[in-house]
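Okay, so here's the structure we're looking at.
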Amino acid sequence: MSQERQSDDIEKVPSNLEALPPGDDERRLVRKLDLVLLPLFTLIYGMNFIDRTAIGNAKIAGIEKDLGLVGYDYNIALTVFYVCYIAAEIPSNLLLKHFGSIWLAGMVTVFGAVSIGSAFIHTFGELLVTRVFLGIAEGGTLSGLTYIMSRYYRRSELVLRIGIFFGLSPTLAGAFGGLLASGLLTINDIGTVTSWRKIFLIEGMITTGFGLLCVFILPGDPQYSRMLSSDERALALVRIDADQATRTGGKRERTSLRLVIRAFNINTAICSACYLMINISFQGLSLFMPTVVNTLGHFTTVEVQLRTVPPYAVGAAWALISAYHSYKSKQRAFPILLSGLLIVSGYVIAVGTKNPHARYAACFLSIAGGSPAGPLVLAWGTDNAAPIPYAPL
């Protein structure tokens, strides 16, 4: 779309929109965005999480024995993924800003394909290669989805939407992943694809197919989005511009070294540290949940997979409650602190007792606390981000 077309769109809506109460047009627009973006983004990040944590379900299904893993080999494979994930995040998001949503659709397709490839590995070295490529492909997915969402919603609206898609995705994916793994382990082998290999193959095929679909359905920037009419694009652009500390006329920041350097400030550092601490607890338990449950009694592999589902179901409910409370009360600190307390309580119980029932209850507390805490911290950081001002022409 040309700048003239963009300017024409913006002029259709009053420039003092921030001073006006939400009208019927704006409410209809937000409702349409909710119906399109929230289910789509929840599915994308859910598949991201399922492919990432499938190795946890594969662990108790025999991947260590089949690949000859010894000592810390399994832990090294997990660590390699996150090293590559972190390294890829900033470059991936800069490329997203440059190429648009097609980049994100391509990432979804690639990490689905890598998951398929994981079904055919036979050595520790091959496992490391797949974890490297999976980390590179998945890096930037979450922050990319959040960035796209921030281009459509006001700051006050973001926390509830991020809480829904980011809070629900891991919990529903964790629950669905456990159910799917238990089902796949009970069906007949698919040629040479046996046991844990079926988990990687089927989950990867689902993700790859959905990624290809995203090429056509994932919305881009509101300036060009085909899901909106010209009037809706105009309203979407002015809504966001009215909500910014720096007016940009709906334009995006240029992808530059200056942009990257300015991003490393005290607010970003604090937000990143909080997010890091939360994810060490939440992601760590998610990866080892089947292993933890397996130590609580004498269960079959399928029974272990099924017992990983309830903690995630409780986490999904708590994520929605916390996000809604934060949205209504316009507070971030209290819900984050309360959820953090749940995480700490869960780990204290897990470390302080050998009672299997208490340790299983600890999984509920830790997963429930971690489910909304990450989204709330991410929403806090996004709420307080401002674009670089444009120099006057």
Side-chain angles (χ1 to χ4, degrees), residues 48-85 111-138 170 173-205 207 280-309 311-312 350 356 359-360 363 366-367:
N48 176 293
F49 194 82
I50 286 178
D51 288 350
R52 180 191 316 174
T53 57
I55 192 171
N57 294 317
K59 185 176 186 290
I60 63 169
I63 190 173
E64 288 183 300
K65 180 181 178 182
D66 291 348
L67 299 186
L69 305 186
V70 296
Y72 292 104
D73 286 352
Y74 178 78
N75 302 68
I76 292 172
L78 299 183
T79 303
V80 164
F81 166 84
Y82 282 103
V83 171
C84 297
Y85 185 100
F111 66 68
V114 173
S115 184
I116 293 174
S118 301
F120 301 96
I121 58 176
H122 296 90
T123 66
F124 174 56
E126 292 173 349
L127 174 63
L128 289 181
V129 171
T130 60
R131 299 304 289 180
V132 166
F133 282 107
L134 189 65
I136 293 173
E138 291 199 358
F176 178 74
L179 288 172
L180 181 60
S182 63
L184 291 174
L185 292 173
T186 60
I187 66 174
N188 296 329
D189 296 337
I190 307 172
T192 59
V193 179
T194 62
S195 188
W196 54 269
R197 299 179 187 276
K198 291 181 289 186
I199 299 175
F200 285 116
L201 178 65
I202 301 302
E203 292 180 356
M205 290 175 64
T207 302
I280 288 174
S281 303
F282 181 73
Q283 298 282 352
L285 181 56
S286 298
L287 288 167
F288 286 95
M289 176 74 85
T291 304
V292 171
V293 173
N294 197 35
T295 65
L296 303 181
H298 301 288
F299 308 121
T300 66
T301 301
V302 173
E303 288 173 339
V304 170
Q305 306 285 9
L306 291 174
R307 280 172 169 79
T308 65
V309 175
Y312 286 111
R359 292 176 66 193
Y360 188 47
C363 293
S366 295
I367 292 294

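Minimum heavy-atom separation, Ala77 to Leu127: CB-CD2, 3.8 Å. For the pair Ile55 and Phe200, the tightest heavy-atom approach, listed with the atom from each and the gap, is CA-CZ, 4.0 Å. Ile367 and Met289 get closest at one heavy-atom pair: CG1-CE, 3.5 Å. The nearest pair of heavy atoms linking Ser182 to Leu306 is OG-CD2, 3.5 Å. Nearest heavy-atom pair, Gly112 versus Asp51, reported as atom, atom and distance to 0.1 Å: CA-OD2, 4.0 Å. Considering all non-hydrogen atoms of both residues, Ala181 and Ile199 come closest at CB-CD1, 3.9 Å.
Note on ring orientation: taking the six-membered ring where Trp is involved, the planes of Tyr85 and Phe81 are tilted (angle from 30° to 60°).
No donor-acceptor pair closer than 3.5 Å links the side chain of Thr194 to the backbone N or O of Asp189.
Using a 4.5 Å cut-off on side-chain heavy atoms (C-beta onward), Arg359 and Thr295 make contact. Taking the side chain as every heavy atom from C-beta outward, Leu184 and Asn57 never approach each other to under 4.5 Å. Annotation: side chain of Leu78 is in contact with side chain of Arg131 (closest heavy-atom distance under 4.5 Å). A 4.5 Å side-chain heavy-atom check between Phe176 and Phe49 finds every atom pair outside the cut-off. Side-chain atoms of Val114 and Ile136, non-hydrogen and from C-beta on, never get closer than 4.5 Å to each other. Side-chain contact between Ile190 and Ile202 is present, with heavy atoms from C-beta onward closer than 4.5 Å. Inter-residue side-chain proximity for Tyr312 and Ser286 is flagged as met; some heavy-atom pair is nearer than 4.5 Å. In this structure, Thr79 and Tyr72 have side chains that are not in contact, with every pair of non-hydrogen atoms separated by 4.5 Å or more.
In this structure, the separation between CG on Leu128 and CG on Asp73 is 8.0 Å, given to the nearest 0.5 Å. Between the NE2 atom in His122 and the CZ atom in Arg197 there is a gap of 4.0 Å [rounded to 0.5 Å]. The OH atom of Tyr82 lies 9.5 Å from the CG atom of Leu134; values are rounded to the nearest 0.5 Å. Distance check: Thr207 OG1 to Ile50 CD1 gives 7.0 Å after rounding to the nearest 0.5 Å. Considering CG of Leu185 and OG1 of Thr300, their distance stands at 9.5 Å, rounded to 0.5 Å. For the atom pair Thr291 OG1 and Leu296 CG, the distance stands at 11.0 Å (nearest 0.5 Å).
For Phe282, the CZ atom sits in a packed shell: over 12 heavy atoms of surrounding residues, nucleotides or ligands are nearer than 6.0 Å.
A centroid separation of less than 6.0 Å is found between the aromatic rings of Phe288 and Tyr74.
Taking the ring axis of Tyr360 as reference, the NZ or CZ atom of Arg307 does not stay both within 45° of it and closer than 6.0 Å to the ring centre.
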Task: Verdict with reasoning, Leu67 to Trp196, per side-chain contact (heavy atoms from CB on, under 4.5 Å) - done: CA-CA 11 Å; Leu67 299 186; Trp196 54 269; 4.2 Å; yes

